[in-house]
Amino acid sequence: MSQTTPILVIAASGKVGSRIVARLEANGTPVRAASRSTSPAFDWEDQATWEPAHVGAEVAFVAFVPDLAVKGSVEAIRAFTETAKRTGLKHLVLLSGRGEANAVASEQVVQASGIGYTIIRASWFNQNFSEGHLLAPVLEGLIALPAEDRKEPFVDANDIADVAVAALLDPRHAGQLYEVTGPRLLSFADVAAEINAAAGLNVQYAHMPLQEFHTLMLSLMDKPTADFLHDLCEEVFDGRNESVSDGVQRALGREPRDFRSYAAEVAASGVWKA
Ligand SMILES: NC(=O)c1ccc[n+]([C@@H]2O[C@H](COP(=O)([O-])OP(=O)(O)OC[C@H]3O[C@@H](n4cnc5c(N)ncnc54)[C@H](OP(=O)(O)O)[C@@H]3O)[C@@H](O)[C@H]2O)c1
């Protein structure tokens, strides 16, 4: 791995990508931030953009957007690794999702590609509640999901970025699969209580039956996205992810950040003020 060539960061303005770019820039590492709005652009839906974004890069952080759980992700990751091999990429850090069949299949494509790799298999991000699709429900005071009282070990995007930067810069992380979670399991009702305590809000959690959730999503967004959210919730809210893992500790030798610390910081930033 070389730090003299730019590190390619895909989905560079995303929840994880933006934190990786900030860390690399802060320590003087050359970065090529890539997304649909950069120059050169990188668009997962336009393979013609992939090779120009790679030129000169030997190391890359790869986040597939919208999500590795969607149909077609495995084929896209396979085609991506072919491009990466052709352009001389030597090491690829893949952001993956926990408990998702297509994410695991995508990991296997990367592992078999012949390119050096580190896999970061993440649980749900804390930042979904402040920078993602669950911010609007927080602001509206009601998080309604088909999750019963399932628990999730929410992980902080800052921890994921720390693991990714370590993997991008240090060859000792090559060949590793880090399953990164936060330090404790929280139900969505627990999350609402943490947000309320930190921000003085009165957010509630309510279980919404899966079909009702799907119908609501269809009224709010395009059908493929609504179908994807339906399938994702059906897949991951069966209890499979109700355990913590030690990926942050193994990669960084420290404990992961707790949701309470995240909630205090977001509350202080004013993002949750209505
Ligand atoms: N959120 C979670 O809880 C969670 C948990 C585990 C794993 N993951 C994984 O994390 C990844 C998503 O990461 P994230 O949440 O950091 O993403 P995000 O914040 O939603 O990322 C948005 C970024 O993706 C870019 N983007 C959007 N569409 C694109 C396209 N067609 N081609 C290229 N770039 C595109 C956007 O920039 P432009 O608009 O400029 O293109 C922006 O930089 C997914 O692979 C998912 O499987 C997420």
Side-chain angles (χ1 to χ4, degrees), residues 8-23 31-50 52-54 60-74 76-77 79-80 83 92-107 109-110 119-136 143 145 147 150 152-161 163-164 177-182 186 188 191 221-222 224-225 228-229 231-233 235-237 240-241 245 247-248 256 259 262:
L8 174 63
V9 178
I10 292 173
S13 50
K15 292 184 275 303
V16 176
S18 61
R19 290 172 166 83
I20 293 172
V21 170
R23 283 160 172 72
V31 182
R32 179 172 307 142
S35 72
R36 294 168 304 179
S37 52
T38 57
S39 180
F42 179 96
D43 187 347
W44 280 110
E45 292 180 18
D46 180 4
Q47 286 198 26
T49 65
W50 297 2
H54 272 84
F61 168 79
V62 180
F64 180 80
V65 184
D67 200 294
L68 278 182
V70 302
K71 285 193 188 91
S73 64
V74 184
I77 293 294
F80 178 88
T83 302
L92 186 165
V93 177
L94 178 72
L95 177 58
S96 182
R98 200 166 180 240
E100 297 164 5
N102 278 348
V104 171
S106 297
E107 293 170 6
V109 167
V110 167
I119 310 280
I120 304 177
R121 185 190 283 168
S123 53
W124 279 41
F125 304 165
N126 294 344
Q127 280 73 13
N128 292 335
F129 298 96
S130 49
E131 300 168 29
H133 57 284
L134 293 171
L135 173 59
I143 301 169
L145 285 170
R150 290 292 181 207
E152 173 75 18
F154 295 94
V155 65
D156 200 279
N158 289 292
D159 284 339
I160 303 173
V163 174
L177 189 161
Y178 294 120
E179 191 161 274
V180 296
T181 73
L186 295 167
F188 285 91
V191 163
M221 57 193 72
D222 60 79
T225 309
F228 157 66
L229 288 174
D231 294 351
L232 179 70
C233 290
E235 185 175 20
V236 301
F237 289 140
R240 71 183 65 190
N241 287 337
S245 191
V248 173
F259 191 92
Y262 153 80

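Note that ligands are numbered from 1 as they come in the structure, with each ligand's atoms numbered from 1 the same way. Predicted model, so just to flag it, every value in this text is computed and none were measured.
Scanning all heavy atoms of the two residues, the minimum distance from G99 to R240 falls at O-NH1, 2.8 Å. Closest non-hydrogen pair, N241 versus P153, comes out as O-CD, 3.3 Å.
Of the listed residues (W50, W44, F61), just one forms a side-chain contact (heavy atoms from CB on, under 4.5 Å) with I10, and that residue is W44.
Taking the centre of each ring, F80 and F64 stay at or above the 6.0 Å mark.
One distance of note links CZ of R19 with CD of E131; it measures 4.0 Å at 0.5 Å rounding.
Between F188 and F237, the ring planes lie perpendicular to each other; the angle is over 60°, past the 30° to 60° tilted range.
Residues with a heavy atom under 4.0 Å from ligand 1: A11, A12, S13, G14, K15, V16, S35, R36, S37, F42, D43, W44, F64, V65, P66, D67, L68, L95, S96, G97, A122, S123, W124, F125, N128.
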